[in-house]
Every structure is written in structure tokens, then in C-alpha cells.
Amino acid sequence: MLKIHNTLARDKQEFKPIEANKVRMYVCGMTVYDYCHLGHARVMVVFDMVYRWLKSSGYDVTYVRNITDIDDKIIKRAAENKESIHTLTQRFIDAMHEDADALGVQRPDHEPRATQFIPQMLQMVEQLEQNGLAYKAADGDVNYAVRKFDGYGKLSGKSLEDLRAGERVEVASDKNDPLDFVLWKHAKAGEAEEVQWESKWGKGRPGWHLECSAMGSELLGNHFDIHGGGADLQFPHHENEIAQSEGAHGCQYVNYWMHNGFVRVDNEKMSKSLGNFFTIREVLKKYDAEVVRFFILRAHYRSPLNYSDHHLDDAKGALTRLYTALKLPSPASGITSDLAALPPSRMASSSIRGAGGEGSVDWNEPYAQRFKAAMDDDFNTPEAVAVLFDLANEANRSQSAEAAAQLKALAGVLGLLQRDAQEFLQGSATAGGLDDAAINAQIEARIAAKKAKDFAEADRIRKALLEAGIVLEDTAQGTSWRRA
RNA sequence: GGCGCGAUAGCAAAGCGGUUAUGCACCGGAUUGCAAAUCCGUAGAGCCCAGUUCGACUCUGGGUCGCGCCUCCA
């Protein structure tokens with residue numbers, strides 16, 4: 001039984017889908033005017049993990065992650081670059097896909113773009129106007145009348161009075177109430193045609209929150225199961241989404257709200273405004289993408305996650321241990337464990353596809369049961385990963401190919417450990433580093449020295465390679481190597 | 001100021017009212033020509049103060065510190 005921490009209830013709750021065996025999930029994605037940073041990586045990886053686990057649990061999942069391709073910052077950036085917003089956003093959408101793919105993030109079922117749903121948004125504003133919740137202000141903007149919506153504040157736990165008390169310097173506007181927010185922004189002089197759409201309230205463009213309400217309803221219905229996003233979206237974005245959707249449709253919008261914690265740098269939130277962010281592609285130049293994914297999944301999704309090279313190095317070391325356990329006795333060596341020769345009958349009991357479509361998990365086996373219990377407990381990936389390490393220990397101890405296969409299959413549910421172990425461990429040559437041929441030549445030379453009992457020379461070669469970042473391991477099957 | 005979250009061993013990070021988390025690092029042993037990897041074992045924890053309890057890292061109250069939202073932000 002799956003339990004999910006529901007922000008709406010501020011508690012873990014048993015997950016009950018609206019429709020049996022189906023889950024409809026919406027996650028707030030990127031505003032595409034720049035490269036994704038690690039905070040974005042966390043959202044993508046965390047909800048990819050959720051998506052995978054729901055599917056592994058047998059649900060038929062429809063996953064929507066939107067793309068915001070119209071917004072003040074996009075308009076500003078396009079103007080700075082002297083390019084159209086379309087070329088700008090398309091460029092960063094492509095970059096986002098590259099980053100997501102590298103991190104092993106599966107594509108959502110739908111990736112709607114705001115600009116493709118303008119009619120649905122306008123329809124929603126009209127509905128809100130009819131319901132007495134929207135009004136056109138003197139400046140031409142159409143605003144949401146927050147005080148007319150009863151449940152305002154139920155997600156973020158804020159009351160209108162609290163919000164009023166914490167009000168910042170007030171910006172001059174024609175809102176009836178300072179807390180009202182814009183549904184439809186009127187077009188301003190000098191704005192490009194491509195950021196203006198016709199409407200009964202005059203030319204303009206959608207406010208920030210409207211897109212998600214409109215696209216969620218369009219693709220998942222007026223009432224769906226899960227809505228996710230970063231913790232910073234809880235207020236005002238998600239609160240306003242609820243006001244819009246429930247105000248327009250008169251029914252519950254979302255059953256379970258999930259918010260992931262921030263990525264931090266030096267104990268501070270990584271954010272654009274603070275300027276302390278690292279882009280995904282920047283980090284991937286230095287660290288293997290799977291290490292980054294593992295680093296994210298090693299913490300609970302709701303906890304803060306501190307980023308530093310030291311933490312990534314640590315994650316790399318840990319992932320190396322798992323991959324090392326995956327190295328099976330090579331059939332070519334003539335050494336195979338008894339277990340490896342056993343027919344994989346038990347492994348096929350419950351066919352659940354792993355990330356790479358690899359082997360299936362034997363869910364009756366004790367490690368898998370612990371793994372499942374951890375994942376069902378609000379997606380407790382740190383605990384699930386701990387099970388992976390216990391299983392690695394088991395595989396190493398028993399030299400069991402079956403245990404190694406189970407390890408790989410279970411990790412596959414998290415989108416980990418699906419590569420060839422040797423490929424991961426050896427990585428690829430870094431700039432200025434030794435290439436594989438050079439390494440193998442050195443290994444040959446060392447083997448020759450060992451045969452001649454010239455251990456001083458053998459050790460010299462090994463030491464030289466180590467200094468070049470290459471670790472040698474002499475095994476019964478011969479000498480293997482990996483990049484440190 | 002309002003609302004909320006957190007504080008676990010050297011670092012990272014979970015569960016749990018009483019019995020080994022886990023990874024890295026460290027120490028001892030096995031193994032190895034020497035290593036590495038692996039295995040076995042030791043050591044090391046729960047911000048402070050009260051309370052509840054036979055027993056609290058785990059529950060309750062208070063305090064301290066850190067973080068977040070209240071403004072664009074994943």
C-alpha cells in the first residue's frame with residue numbers, strides 16, 4: 001500500500017486513485033529561457049522516480065509535465081538576444097531534453113506548451129468571470145478576486161490576514177485587493193506580435209498560473225490524482241492554481257499535492273535570483289550523469305539536498321560499489337558460480353520492467369520486499385538504496401549471479417545500474433588522460449614484468465597508472481582496471 | 001512580523017519507544033608477491049532542558065540554532 005505525503009493534509013496518506021489502477025499526474029516543469037540547473041534536475045529526477053514507481057506498482061499512469069514558453073522573463077531575454085521568443089524557447093527546450101535524457105529521465109506522456117493552450121486558458125478566464133471570481137481592472141488586466149474564493153490558502157496554510165500582514169512594498173496597480181493575481185495581462189505598447197493574443201478583454205497574454213490550470217484540465221480532467229513541483233511553488237503558484245481550477249469547475253482539483261525539497265549550496269537555496277546555481281550541463285562535464293541521478297535519489301525527495309563536489313565524489317564512490325557488485329564472473333574465463341548456472345525460474349515470477357527494459361524483479365524475495373516497503377512509504381529512496389547495498393553485499397559474499405541480477409533489476413526501478421558495469425567503472429578517457437589502448441599496453445607490460453618476477457617494475461607501472469587515475473585490480477581472471 | 005520545515009556518529013543519510021540502518025572515511029583481521037576489489041570484525045550518534053514511560057534518538061512541552069515561503073524562482 002502506497003503512502004504519499006500530501007501537502008494539502010500536511011501528512012502521509014494512503015494513496016487511492018480516483019479511477020481504479022489509473023493515476024493522472026501533473027508536474028510543474030520549466031520556464032524555458034535558460035539552461036536547467038540542479039534544482040530543475042531534482043524535480044525531473046524525483047518525479048521520474050515517482051512515475052516509474054507508480055508504473056512498477058501496476059498503475060496505468062498519465063504523466064504531464066508542462067513547459068512554460070510565455071512569460072516576462074522569456075520576453076525580456078528574447079529582446080536582449082534580439083531573437084523571437086519561439087527560437088529562444090525552442091533552443092532551451094531542446095537543451096532541457098538533452099539534460100533530462102542524460103539523467104535517465106523518461107519523457108512524460110505529455111509536455112504541453114503554454115502557447116498551445118491559449119484558447120483553453122481564455123475559456124477558463126471566462127468561466128471564472130461568469131462565476132464572479134474574475135474582473136477586468138482599469139489598467140486592462142483581468143484579475144482573480146482572491147477574497148471571493150473560500151478555500152484560498154488551504155494548500156499553503158496561509159490565511160488572507162497572514163498574507164496581508166506580511167505584505168511587501170506595494171506595487172501600484174489597479175487590483176481590487178493587493179492579493180489578487182493576474183489571469184490575463186493586457187498587451188503593452190511595443191510588445192511583439194508573437195506575445196499577444198486576441199481575447200474578449202483585448203489583446204494580451206496569460207498570467208503565470210493560468211497555464212497549469214488550463215493544461216491540467218485539458219489533459220487530465222478537472223479532477224486528477226497527483227500534482228507535483230518544487231517546494232517554492234506551493235505559494236503562490238499552486239495555491240492560485242487551486243483557486244482558478246476549483247473556482248472555475250466547482251469541484252476538487254487535485255487529491256495529492258507533492259513538493260520536493262530544494263537543492264542547496266552552502267546551506268542556502270540554489271536559485272536564479274541568488275545566482276548560486278550550477279547548470280546541469282556544467283555539472284555533467286565533471287560528473288557522470290548517473291552519479292548525479294544517484295546523488296539526488298540518495299536523499300529523500302522532501303529533504304534539502306546540499307550540493308558540493310565532495311558530496312558528488314561521495315555519491316560516485318557509493319555507486320562504484322554497486323557497479324562493482326554487478327561484475328559477474330565472465331563465462332569466457334571458465335569460472336562461473338553454481339548459482340549462475342541455475343535457470344532463472346524464480347526471477348520471472350512478477351514481470352516488472354526496469355528502467356532500461358532490463359531484467360524483471362523477483363518481488364517475493366526478501367530484499368525486494370524491503371525495497372517495496374521503502375518505496376511505498378512516501379517514496380523513501382534512501383531506504384530503498386540501502387537495500388541495494390545490502391543486496392550488493394549479498395551478491396559479493398555468495399558470488400551469486402542471481403543476487404546480482406536482482407540487484408540490477410531492483411536498481412532499474414529507480415533508473416540506476418542499467419549500464420554495463422565495466423563501461424561505468426572504466427568511464428571514458430578524460431582530456432589529456434590515458435586512452436584505453438595506452439592503459440592496456442601498460443597492463444601487458446606489467447604482466448610481463450610479473451612473469452619475470454620483476455615486482456619492482458610491476459609495482460612501478462601500477463603506481464604510474466594510479467597517478468594517472470587508473471586503478472588496477474588483479475583477479476583470478478586476470479588484471480582489470482577502472483578509472484578512479 | 002506571520003506561517004512552515006529541520007537539528008542523528010568525521011562527512012552524507014534513513015527507519016525505529018527496548019534488538020546491526022546504509023554509503024564514504026577510520027581501525028583490526030582474512031585474502032594478495034605487494035596492492036586494489038571483496039569478505040569478516042571493532043569503534044563511533046541522536047542540539048539543550050524538562051516531562052510521559054519499566055524503558056526515548058524515537059512521544060509531549062519549552063528553549064537554542066539552521067533553513068524555507070510570505071516577491072520571480074524547481
Given [options], the nucleotide with the shortest approach to the side chain of [X]:
{"X": "Pro382(A)", "options": "G2(B), A37(B), A14(B)", "result": "A14(B)"}
{"X": "Phe235(A)", "options": "C70(B), A37(B), A14(B)", "result": "C70(B)"}
{"X": "His310(A)", "options": "C11(B), A14(B), C72(B)", "result": "C11(B)"}
{"X": "Asp474(A)", "options": "A74(B), G33(B), G15(B)", "result": "G33(B)"}
{"X": "Ser273(A)", "options": "A13(B), G2(B), C72(B)", "result": "C72(B)"}
{"X": "Leu233(A)", "options": "C70(B), A21(B), A74(B)", "result": "A74(B)"}
{"X": "Asp314(A)", "options": "A35(B), G23(B), C72(B)", "result": "G23(B)"}
{"X": "Ala299(A)", "options": "A74(B), A13(B), A36(B)", "result": "A13(B)"}
{"X": "Asn380(A)", "options": "A74(B), A37(B), G15(B)", "result": "G15(B)"}

Does Asn267(A) get its side chain close enough to the base of G66(B), under 3.5 Å, for a donor-acceptor pair?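 Under the 3.5 Å cut-off, the side chain and the base do not form any donor-acceptor pair.
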
I'd like to know if Lys269(A) reaches the base of C67(B) with its side chain such that a donor and an acceptor end up less than 3.5 angstrom apart. no

Could you check whether any side-chain N or O of [X] sits under 3.5 Å from a backbone N or O of [Y], counting only pairs where one atom can act as donor and the other as acceptor?
{"X": "Glu290(A)", "Y": "Leu416(A)", "answer": "no"}
{"X": "Arg281(A)", "Y": "Ala95(A)", "answer": "yes"}
{"X": "Glu239(A)", "Y": "Lys154(A)", "answer": "yes"}
{"X": "Asn440(A)", "Y": "Asp436(A)", "answer": "yes"}

What is the base-pairing partner of [N], counting Watson-Crick and G-U wobble geometry with both distances under 3.5 Å?
{"N": "A7(B)", "answer": "U64(B)"}
{"N": "C59(B)", "answer": "G51(B)"}
{"N": "G46(B)", "answer": "none"}
{"N": "C27(B)", "answer": "G41(B)"}
{"N": "C69(B)", "answer": "G2(B)"}
{"N": "U22(B)", "answer": "A12(B)"}
{"N": "A35(B)", "answer": "none"}

Whole-Å gap separating [atom2] ([N]) and [atom1] ([X]):
{"X": "Phe294(A)", "N": "A13(B)", "atom1": "CZ", "atom2": "P", "value": "13 Å"}
{"X": "Gln399(A)", "N": "C39(B)", "atom1": "CD", "atom2": "P", "value": "10 Å"}
{"X": "Leu312(A)", "N": "C24(B)", "atom1": "CG", "atom2": "P", "value": "16 Å"}
{"X": "Lys73(A)", "N": "A74(B)", "atom1": "NZ", "atom2": "C1'", "value": "12 Å"}
{"X": "Arg397(A)", "N": "A37(B)", "atom1": "CZ", "atom2": "C1'", "value": "17 Å"}
{"X": "Leu305(A)", "N": "G66(B)", "atom1": "CG", "atom2": "P", "value": "21 Å"}
{"X": "Asn396(A)", "N": "C40(B)", "atom1": "CG", "atom2": "C1'", "value": "13 Å"}
{"X": "Arg302(A)", "N": "G6(B)", "atom1": "CZ", "atom2": "P", "value": "8 Å"}

Distance, [atom1] atom - from [M] to [N], rounded to whole angstrom:
{"N": "C54(B)", "M": "G46(B)", "atom1": "P", "value": "24 Å"}
{"N": "G17(B)", "M": "A74(B)", "atom1": "C1'", "value": "37 Å"}
{"N": "A13(B)", "M": "G23(B)", "atom1": "C1'", "value": "9 Å"}
{"N": "A25(B)", "M": "G55(B)", "atom1": "C1'", "value": "34 Å"}
{"N": "G6(B)", "M": "U22(B)", "atom1": "P", "value": "24 Å"}
{"N": "A30(B)", "M": "C49(B)", "atom1": "C1'", "value": "48 Å"}
{"N": "G61(B)", "M": "U52(B)", "atom1": "P", "value": "15 Å"}
{"N": "G10(B)", "M": "C26(B)", "atom1": "C1'", "value": "9 Å"}

Indicate, with a heavy-atom threshold strictly under 4.0 Å, whether [X] touches base, sugar-phosphate, or nothing.
{"X": "Leu472(A)", "result": "base"}
{"X": "Gly261(A)", "result": "base"}
{"X": "Met44(A)", "result": "nothing"}

Tyr63(A), Tyr253(A), Tyr256(A), Trp257(A) screened by ring pair (Phe, Tyr, Trp, His ring centres under 6.0 Å) with Phe224(A), the one that passes: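 The ring pair (Phe, Tyr, Trp, His ring centres under 6.0 Å) with Phe224(A) is passed solely by Tyr253(A) among Tyr63(A), Tyr253(A), Tyr256(A), Trp257(A).
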
Check whether the aromatic ring of Phe262(A) stacks on the base of A74(B), taking stacking as ring centres less than 5.5 Å apart and planes within 30° of each other. no

Would you call the rings of Tyr307(A) and Phe278(A) parallel, tilted or perpendicular if under 30° counts as parallel and over 60° as perpendicular?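 Ring orientation, 0 to 90° scale: tilted.
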
Mutual orientation of the aromatic rings belonging to His238(A) and His227(A) [parallel < 30°, tilted 30-60°, perpendicular > 60°]: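 Perpendicular, since the angle between the ring planes exceeds 60°.
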
Would you indicate, yes or no, if [N] has its OP1 or OP2 atom less than 4.0 angstrom from a side-chain nitrogen or oxygen of [X]?
{"X": "Thr7(A)", "N": "C5(B)", "result": "no"}
{"X": "Lys450(A)", "N": "C34(B)", "result": "no"}
{"X": "Asn306(A)", "N": "A12(B)", "result": "no"}
{"X": "Asn260(A)", "N": "A74(B)", "result": "no"}
{"X": "Arg298(A)", "N": "G23(B)", "result": "no"}
{"X": "Arg321(A)", "N": "U38(B)", "result": "yes"}
{"X": "Asn393(A)", "N": "C40(B)", "result": "yes"}

Minimum heavy-atom distance between Arg419(A) and Tyr323(A), given as atom pair plus value: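 Minimum heavy-atom contact is N-OH, 3.2 Å.
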
Start at the 5' end of RNA chain B and walk down; is the nucleotide closest to Gly230(A) or to Phe455(A) reached first? Phe455(A)

Reading RNA chain B from 5' onward, which residue's closest nucleotide shows up sooner: Phe389(A) or Val471(A)? Phe389(A)

Any salt bridge linking Asp288(A) with Arg483(A)? Criterion: basic side-chain nitrogen under 4.0 Å from a carboxylate oxygen.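 Answer for the salt bridge query: no.
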
Pick one: which of Asn380(A), Asp378(A), Asn260(A) meets side-chain hydrogen bond (donor to acceptor under 3.5 Å, both in side chains) with Tyr301(A)?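 Of all the options given, the one that passes is Asp378(A).
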
